Amino acid sequence: GSALWALCEGFGNLNQTQARRFICGFTRILKIIVAECGAPIDQRLDGKSAQTALIMVASSGIPEAVEACLELGANPKMRNAQGWTALLVACVVKDVSPDMYGPQEDDVARCKVVEMLLDGRADVDARNEHNMSALMIAATFARPTLIELLLSRGAHADLHTTDAHLNPVLRLETARSHVGTAVAIAAAEECKEILHRYVRSSTPTVGLHAPGEAGCWICLETTGDLI
């Protein structure tokens with residue numbers, strides 16, 4: 001268990017550029033630990049956070065790593081102690097530009113990870129302890145390609161979150177019990193337009209925060225709830 005935890009924690013903490021350099025070694029060692037040494041792929045690797053190998057690896061955004069876990073029988077529906085699934089973690093973008101919302105990461109690779117998890121029967125509308133869905137997370141990072149993919153696979157654009165810290169506007173409206181949808185927390189106009197095409201309810205949305213202002217992902221990162 002400790003060997004699997006060390007391997008997956010180290011790999012999961014890498015960004016895409018770093019992880020690509022170690023993917024061959026990672027998959028080789030993973031197969032040895034699980035297939036040859038018999039370590040359960042879905043064991044809880046950390047008693048406090050209840051992480052699994054797949055959840056930790058999904059954050060890297062590397063398709064080959066996620067594919068290796070799935071081939072070894074990893075269950076994409078499992079959650080950690082904070083309610084995060086591998087799909088939710090996979091939608092958290094690590095490489096961002098100085099203005100916080102630029103297309104620094106390889107979205108094609110991250111979309112492949114999401115597709116693999118959904119093909120493995122991950123719940124597209126699963127939500128964490130903050131009531132955040134994969135679509136809401138993708139909107140927070142303003143990733144139109146990822147948003148389009150999730151919507152095409154059945155994600156609901158009108159799910160609600162009542163966490164005030166997820167949007168500056170919601171902070172001001174907490175007393176009135178206002179809620180935000182994925183549209184409300186989108187960080188770019190393009191993403192907002194995509195989401196509006198799929199909204200299935202008439203629930204009004206609150207205003208967007210502008211790129212460069214204190215955004216949702218900063219709040220999540222600050223509170224340590226990204227992973």
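Quantities reported herein were computed from a predicted structural model and do not represent experimental measurements.
Residue Arg127 holds its CZ atom at 11.5 Å from CD1 of Ile137, rounded to the nearest 0.5 Å. Taking NZ of Lys112 as the start and CG of Asp107 as the end, the distance is 12.5 Å to the nearest 0.5 Å. Taken to the nearest 0.5 Å, the OG atom of Ser59 stands 8.5 Å off from the CG atom of Leu14. To the nearest 0.5 angstrom, Trp84 atom CH2 is 13.0 Å from Ser49 atom OG. The CZ atom of Arg79 sits 10.0 Å away from atom CG of Leu87, with the distance rounded to the nearest 0.5 Å. In this structure, OG in Ser133 is found 9.0 Å from CG in Asn128, a value given to the nearest 0.5 Å.
Tracing side-chain contacts under 4.5 Å through hydrophobic residues (I, L, V, M, F, W, Y), one never reaches Val92 starting from Met78; they form parts of separate clusters. Residues Ile29 and Ile62 share a single hydrophobic cluster, defined by chaining ILVMFWY side chains whose heavy atoms lie under 4.5 Å apart.
Applying the salt bridge (Lys or Arg N to Asp or Glu O under 4.0 Å) criterion to Glu148, with sequence neighbours excluded, gives Arg197. With sequence neighbours left out, Arg20 forms a salt bridge (Lys or Arg N to Asp or Glu O under 4.0 Å) with Asp106. When the side chain to side chain contact (heavy atoms under 4.5 Å, CB included) test is applied to Pro144, the partners found at least two apart in sequence or on another chain are Glu190, Cys191, Ile194. Partners of Arg153 according to the salt bridge (Lys or Arg N to Asp or Glu O under 4.0 Å) rule, which considers only residues two or more places apart in sequence or in another chain, are Asp119. Residues passing the salt bridge (Lys or Arg N to Asp or Glu O under 4.0 Å) test with Asp42, sequence neighbours excluded: none. Every residue was checked against the side-chain hydrogen bond (donor to acceptor under 3.5 Å, both in side chains) condition with Thr145, not counting sequence neighbours, and none meets it.
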> Would Cys91 and Leu150 satisfy side chain to side chain contact (heavy atoms under 4.5 Å, CB included), going step by step from the backbone distance to the final call?
Replying inline: CA-CA 10 Å; Cys91 292; Leu150 290 167; 4.2 Å; yes
>> Pair Val34, Leu4 - check side chain to side chain contact (heavy atoms under 4.5 Å, CB included), show working.
In response: CA-CA 8 Å; Val34 177; Leu4 184 60; 4.3 Å; yes
> What do the steps show when you test Asn80 against Gln51 for side-chain hydrogen bond (donor to acceptor under 3.5 Å, both in side chains), and what is the final call?
Replying inline: CA-CA 5 Å; Asn80 65 16; Gln51 304 281 33; 3.0 Å; yes
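For the pair Met116 and Pro63, the minimum side-chain heavy-atom distance is below 4.5 Å. When side chains are defined from C-beta on, Ile55 does not count as touching Leu88, because their heavy atoms never get closer than 4.5 Å. By the 4.5 Å heavy-atom criterion applied to side chains, Val66 and Leu54 are counted as neighbours. Contact annotation: the side chain of Leu7 approaches that of Leu30 to within less than 4.5 Å [non-hydrogen atoms, C-beta and beyond]. Side-chain contact between Thr85 and Pro76: absent, with no pair of heavy atoms (C-beta onward) separated by less than 4.5 Å. Proximity of Gln43 to Thr52: side-chain heavy atoms (C-beta onward) are nowhere separated by under 4.5 Å. Residues Thr27 and Phe11 are not in side-chain contact: their nearest non-hydrogen atoms beyond the backbone lie 4.5 Å or more apart. Between Cys37 and Ile32, some side-chain heavy-atom pair lies under the 4.5 Å cut-off.
When all heavy atoms of Gly61 and Ala109 are compared, the pair lying nearest together is O-CB, 3.6 Å. Across all their heavy atoms, His156 and Leu135 have their closest contact at O-CD2, 3.5 Å. Shown here for Ala58 and Ala86, the closest heavy-atom pair between the two residues is CB-O, 3.5 Å. Closest approach of Val57 to Cys8, counting heavy atoms only: CG2-SG, 4.0 Å. Ala50 and Ala81 make their closest contact through CB-N, 3.8 Å (heavy atoms, listed as atom of the first residue, atom of the second, distance).
In this structure, Arg110 contributes its side chain and Ala90 its backbone to a donor-acceptor pair below 3.5 Å. Checking side-chain atoms of Glu9 against main-chain N and O of Ala6 turns up no donor-acceptor pair under 3.5 Å.
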